[in-house]
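Just so we're on the same page: letters track the sequence lines, and every chain starts at 1. Here the structure is a predicted model, which is why all the values come from computation and not from measurement.
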Protein chains: 2
Amino acid sequence: MPTKTYHIGVEATMEIIGGKWKSIILCHLRHRTMRTGELARAIPQISQKMLTQQLRELEAANIVSRHVFHQVPPKVEYALTDYGESLSGILHELCVWGEDNIDRRQANGEAITLLSRDDV
Amino acid sequence: MPTKTYHIGVEATMEIIGGKWKSIILCHLRHRTMRTGELARAIPQISQKMLTQQLRELEAANIVSRHVFHQVPPKVEYALTDYGESLSGILHELCVWGEDNIDRRQANGEAITLLSRDDV
DNA sequence: GTTGATGGTTACTTTTTGGTAAGTAGGGCA
DNA sequence: TGCCCTACTTACCAAAAAGTAACCATCAAC
């Protein structure tokens, strides 16, 4: 098996929380356990496919846990694992920095909106 | 002009530091001003094209400044702007978390290496 | 006048990522 | 009987990101 080589720590981090959706999902799970449908409603732009795909990858990385309730209709809950919680501070800062960035760009005349500001 | 809409702060942040290269470049510039060639040597996997492309985008976002010395052969220096410095804490944490993540995966038997650990 | 150093661009191809739409399961319920 | 609910999968296609390789400019030194 070929050894995977990283040159700098941030590479590994971005492999886990990078991409268009993972950090968004994690920012929501940071606040509370959520069902699949709740996440989908919280992230209206995401498709079913992307949502489950990203959740599977986060689960594989031991960042998110998946709890299936054997019911009909199905019920599945996602939450940060203990290890996932170790990202909580970073996720919070990423949210806050982004909010500030949007404020600046607005002040600068850009046509840009932030719909929910839940990390203030 | 259509208004750009974000749903959560982290979206804006990831638009700026996301992608395969930006956070790596920024982690290097966090320590000191660097010339193009220095960056290229510090990130051996990156191509000329990607390096300049990513630097241009970071410059457009006002995260990185570009200082051209009108000499032959050319000399160009890149540095974090004051605003870019506001990412410094986050970048540091992203590096440290990644280093820890690699440690865990190694302890877990994965064939994986981290070449330089400059953020301890 | 050829070579080298440095930073950069361009055209082209490949890889990765994301989007759409349809289908599955299984019990509840009218 | 047939449709609903929820979570999830699959096949297929489109778009975005990244990789490759060749090229340019300038002046200095040999």
Q: Quick one: is dA7(D) close enough that its OP1 or OP2 comes under 4.0 Å of any side-chain N or O from Arg66(A)?
A: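 For Arg66(A), the contact criterion (side-chain N or O under 4.0 Å from OP1 or OP2 of dA7(D)) is not met.
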Q: Calculate the interatomic distance between Lys75(B) atom NZ and dG8(C) atom P; express it in whole Å.
A: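 From Lys75(B) NZ to dG8(C) P: 13 Å.
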Q: Identify whether any heavy atom of Phe69(A) sits under 4.0 Å from a base atom; if not, whether one sits that close to sugar-phosphate; answer base, sugar-phosphate or nothing.
A: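 The residue Phe69(A) makes no contact with any strand.
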Q: Give the rounded distance in Å between these two atoms: CD of Gln71(A) and P of dG28(C).
A: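 About 12 Å, once rounded to whole Å.
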Q: Taking only Lys NZ, Arg NE, NH1 and NH2, and the carboxylate oxygens of Asp or Glu, determine whether Arg105(B) and Asp100(B) approach each other closer than 4.0 Å.
A: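 No, this pair does not count.
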Q: Distance from Arg117(A) atom CZ to His7(B) atom NE2, nearest 0.5 Å?
A: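 NE2 of His7(B) is found 14.5 Å from CZ of Arg117(A).
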Q: Among Leu94(A), Leu26(A), Ile17(A), exactly one meets side chain to side chain contact (heavy atoms under 4.5 Å, CB included) together with Val10(B). Which residue is that?
A: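 Passing option: Leu94(A).
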Q: Could you work out how much the helix from dG1(C)-dC30(D) to dA30(C)-dT1(D) bends, comparing the axis of its first five pairs with that of its last five, to 10°?
A: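 That helix has its two terminal axes inclined by roughly 30°.
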Q: Touch check for Thr52(B), heavy atoms < 4.0 angstrom, all strands: base, sugar-phosphate only, or nothing?
A: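 Base, at least one base atom sits under 4.0 Å.
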Q: Any side-chain N or O of Arg35(B) under 4.0 Å from OP1/OP2 of dT6(C)?
A: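 No.
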Q: For Arg41(A) and dC5(D), what is the distance between atoms CZ and P respectively, to the nearest whole Å?
A: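 Interatomic distance, CZ of Arg41(A) to P of dC5(D): 12 Å.
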Q: Is the Lys NZ or Arg CZ of Arg35(B) less than 6.0 Å from the centre of Tyr78(B)'s six-membered ring, within 45° of the axis?
A: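 Relative to the ring axis of Tyr78(B), which defines the angle, Arg35(B) lies outside at least one limit.
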Q: With rounding to the nearest 0.5 Å, note down the distance linking OG1 in Thr5(B) to CG in Leu114(A).
A: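 Output value for this atom pair is 9.5 Å.
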Q: Could you give the CD-to-P distance, from Glu77(A) to dC8(D), as a whole number of Å?
A: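 Rounded to whole Å, this separation is 12 Å.
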Q: Given atom CD of Glu57(B) and atom P of dT9(C), what is their separation to the nearest angstrom?
A: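 That distance rounds to 12 Å.
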Q: How close do Cys27(B) and Ile8(A) get, heavy atom to heavy atom, and via which atoms?
A: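 Shortest heavy-atom contact: CB-CD1, 3.7 Å.
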Q: Just verifying a value: how many Å separate Gln53(B) CD and Gln48(B) CD, rounded to the nearest 0.5 Å?
A: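 Separation between the atoms: 12.0 Å.
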Q: Does the pair Lys22(B)/Glu57(B) count as a salt bridge with the N-to-O cut at 4.0 Å?
A: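 Salt bridge flag = yes for Glu57(B) with Lys22(B).
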Q: Starting at atom CG of Leu51(A), determine the distance to atom P of dT17(C), rounded to an integer number of angstrom.
A: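 Roughly 17 Å, once rounded to whole Å.
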Q: Just the rounded figure in Å: distance from P of dA7(D) to CD1 of Ile43(A).
A: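 Computing the Ile43(A):CD1 to dA7(D):P distance gives 14 Å.
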Q: Provide, to the nearest angstrom, the distance between the CD atom belonging to Glu38(A) and the C1' atom belonging to dT6(D).
A: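 Going from CD in Glu38(A) over to C1' in dT6(D) covers 13 Å.
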Q: How does protein reach along nucleotides 17-30 of chain D, written 5' to 3' as B (base within reach of a heavy atom under 4.0 Å), S (only sugar-phosphate), or - (no contact)?
A: -BBB-----BB---
Q: Within the distance-only criterion (no hydrogens, no angle test), does the side chain of Glu85(A) pair as donor or acceptor with the backbone N or O of Thr81(A) below 3.5 angstrom?
A: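 Not a single qualifying donor-acceptor pair exists.
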